[in-house]
Amino acid sequence: MQSYYLASRNIEIDQPKLTGDVHADVCIIGGGYTGLSTALYLAKEGVNVLLLESNKLASGASGANGGQVSGGMRRDQFYLEKTLGVDYAKVLWEIGEKSKYHAKHLIDQYRIQCDYKKGIAHPNHKQKYCEESKQYVDHMNENYDYHDIEYLDDNEMRDVTGSNTYYGGSYDEGEAHCHPLNYALGIAKAAISAGAKIFENTPALSYKVNDDHVKVITKDGSIKADRVVLACNGYLGNFEKSLTSKILPMNNYIVATKPLDDETVQKINPKDIAFADSRFVINYFRMSADKRLLFGGGENYSQELSNNIIPIVTKPLEKIYPFLKGVKIDYAWGGKLAITMNRLPFFTTLHNEKVISAQGYSGQGVALASYSGKLVSEKITGNGETFDIMAKIPRQSFPGGRFLRNPSMKLGMLYYSLMDRL
């Protein structure tokens, strides 16, 4: 089945394959949020920048995700304060907030039509989580002066979700949601207009670092560049083996129902906001502009995306909304994102900063990945202070390293899936 996002995209971009040997100041590998944003900012600085995408632009997770424009990091401030200290946690919070507002700035500046709307609620699927949710809202109000977040009690959350399966939780009016593919293609259009050279259907096969340049090899050509940016995220594979023990590709799936009648829409989402619940294997959902329920749920670590997406996703959908059992599914799709052990982004440099890498957004990449492009550009052209702050986040390897990380994570997923149900 086709992706709903692909079927409803409003920008057509068709770039050629790379053939022959070319030169560039910077070669970016990966045509998702990070790569496209990096290309935009470098091109605006007059840098001769070239981007390689192995498929079509934003054909991976950047064009296939839940579209949630979240602030902060993937882990909440309680976790960050406990593991990294209060001062560093507050610095990371500010970076996350800047990424959220940066996304809206790009949308406004380049007039990107991507159905941007405010509001994300985080409902609890267990009553016992509610007290911590209350404490977290109070903590953010009092210690971060953040007042866009509020606590919703059981009845209030059930009113906004239209589901009796949820208890209380938080609602953040400062967060937002959008059509993620149109957002990505809007950034791509801006980058091309700024002078970035983009090549689609051109996989980078390997690269070699020399004394005065880096050479990237493709099937029908090569690029000689001063710097290379790795922006592959869940599609890195073994392209840079030193990174593969730190990030792990994960498949995530979404379905889109048929357009729903106004009464049903009013019942399940009266505020037209997005949701991301408290499960480890998270369910996230919202309405599309044409009143479809977009529902994401189910994930795995297989090498290939599943060919049987509908039953994977409709199982949690029908648990939350039993009255939608058997609803017609018009679209079903998936994409590969990249997670890290601590679910925090993984920024690093290699080979005396000739190679720069930013990936591992762990499901929170709409805002953070596109902001990362700005940080990567700053690292290359001048002040890389914020990039360096992100690069100081502790890096943990997956159990078993590069070869055994998938089996170990499958066992972990089984455990947490069971805990979600208990």
Side-chain angles (χ1 to χ4, degrees), residues 2-15 31-41 43-44 51 53 55-71 98-120 172-196 198 200 254-260 262 265 269 271-275 284-296 330-331 333 335 361 364-374:
Q2 188 185 32
S3 156
Y4 167 74
Y5 296 138
L6 195 62
S8 58
R9 72 190 185 279
N10 55 24
I11 298 175
E12 295 283 347
I13 293 180
D14 188 20
Q15 297 296 292
Y33 295 131
T34 303
L36 292 170
S37 179
T38 303
L40 168 61
Y41 282 102
K44 287 173 64 176
L51 184 148
E53 165 54 43
N55 200 314
K56 296 290 290 181
L57 293 177
S59 58
S62 291
N65 63 79
Q68 298 199 5
V69 185
S70 304
K98 287 179 181 178
S99 75
K100 185 176 68 178
Y101 295 117
H102 169 262
K104 184 62 167 63
H105 171 72
L106 287 178
I107 291 167
D108 291 342
Q109 181 177 4
Y110 297 104
R111 299 179 181 178
I112 302 173
Q113 301 300 311
C114 62
D115 305 322
Y116 179 90
K117 297 176 182 177
K118 300 295 285 293
I120 300 178
D172 193 329
E173 196 171 25
E175 297 184 320
H177 52 101
C178 71
H179 188 301
L181 179 57
N182 285 338
Y183 173 58
L185 294 178
I187 299 172
K189 182 179 178 182
I192 294 168
S193 296
I198 294 179
E200 296 182 305
I254 310 179
V255 300
T257 69
K258 69 177 184 179
L260 303 175
D262 290 342
V265 171
N269 198 339
K271 292 173 69 71
D272 197 12
I273 61 177
F275 300 94
Y284 52 93
F285 43 100
R286 62 189 180 91
M287 303 306 301
S288 68
D290 58 353
K291 300 181 180 180
R292 301 172 187 274
L293 176 61
L294 306 180
F295 191 98
D330 283 346
Y331 302 94
W333 68 99
Y361 305 104
Q364 193 159 317
V366 178
L368 196 53
S370 49
Y371 187 54
S372 295
K374 186 175 188 296

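Bear in mind that the values here come from a model prediction, so they are computed numbers and not experimental data. In what follows, residues are counted from 1 in the order of the sequence shown.
- Residue Ser8 comes nearest to His179 through the heavy atom pair OG-NE2, 2.9 Å, listed as atom of the first residue, atom of the second, then distance.
- Asp330 is not listed as a side-chain neighbour of Tyr4, based on a closest heavy-atom distance of 4.5 Å or more.
- In this structure, Tyr331 and Arg292 have side chains that are in contact, with non-hydrogen atoms separated by less than 4.5 Å.
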For Glu53 and Ile198, run side chain to side chain contact (heavy atoms under 4.5 Å, CB included): C-alpha distance rounded to whole Å, both residues' side-chain angles, the deciding distance at 0.1 Å, then the answer. CA-CA 8 Å; Glu53 165 54 43; Ile198 294 179; 5.6 Å; no

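- Note on Lys291 versus Asp262: salt bridge recorded, some NZ/NE/NH1/NH2 to OD/OE distance being below 4.0 Å.
- Within the 4.5 Å cutoff, the side chain of Leu181 has no heavy atoms near those of the Cys114 side chain.
- Contact of the Phe275 side chain with the Ile120 side chain is not registered, since no non-hydrogen atoms from C-beta on lie closer than 4.5 Å.
- Looking at heavy atoms from C-beta onward, Lys189 lies out of side-chain contact with Leu185 at the 4.5 angstrom threshold.
- Note that the CG atom of Asp290 and the NZ atom of Lys258 stand 13.5 Å from one another [nearest 0.5 Å].
- Within a 6.0 Å sphere centred on NZ of Lys271, heavy atoms belonging to other residues, nucleotides or ligands number 12 at most.
- Shown are Tyr5, Tyr33, Tyr284; of these, the side chain to side chain donor-acceptor pair (under 3.5 Å) with Asn65 is made only by Tyr33.
- Summarising the geometry of Ala188 relative to Leu36, their closest heavy-atom pair is CB-CD2, 3.7 Å, with the distance given to 0.1 Å.
- Among all heavy-atom pairs drawn from Leu106 and Ser370, the shortest one is CD1-CB, 4.5 Å.
- Residues Val265 and Met287 form a side-chain contact, since some pair of their non-hydrogen atoms from C-beta on lies under 4.5 Å apart.
- Minimum heavy-atom separation, Asp172 to Gly174: OD1-N, 2.8 Å.
- Gln113 has its side chain out of reach of Asn182: every pair of non-hydrogen atoms, C-beta onward, lies at least 4.5 Å apart.
- Rounding to the nearest 0.5 angstrom, the gap separating the CG atom in Leu51 from the OG1 atom in Thr38 is 8.5 Å.
- To the nearest 0.5 Å, atoms NZ (Lys44) and NZ (Lys374) are separated by 8.5 Å.
- The two residues Asp272 and His177 make their nearest non-hydrogen contact at O-NE2, 3.2 Å.
- With hydrogens and angles disregarded, a donor-acceptor distance shorter than 3.5 Å links the side chain of Arg286 to the backbone of Cys178.
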Kindly indicate, with the supporting measurements, whether the criterion side chain to side chain contact (heavy atoms under 4.5 Å, CB included) is fulfilled by Trp333 and Ile254. CA-CA 6 Å; Trp333 68 99; Ile254 310 179; 3.6 Å; yes

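- With a 4.5 Å cut-off on side-chain heavy atoms, Asp14 and Lys56 count as touching.
- Taken to the nearest 0.5 Å, the CD1 atom of Ile187 stands 5.5 Å off from the OG atom of Ser37.
- In this structure, the side chain of Glu200 engages the main chain of Gln15 through a donor-acceptor pair within 3.5 Å.
- A salt bridge does not link Lys118 to Glu173: none of the charged nitrogens lies less than 4.0 Å from a carboxylate oxygen.
- Distance OH/Tyr361 to OG/Ser62: 9.0 Å, rounded to 0.5 Å.
- Taking all atoms of both residues into account, the shortest heavy-atom contact from Ser99 to Ser70 is OG-O, 4.4 Å.
- To the nearest 0.5 Å, the span separating CD1 on Ile11 from OH on Tyr183 amounts to 12.0 Å.
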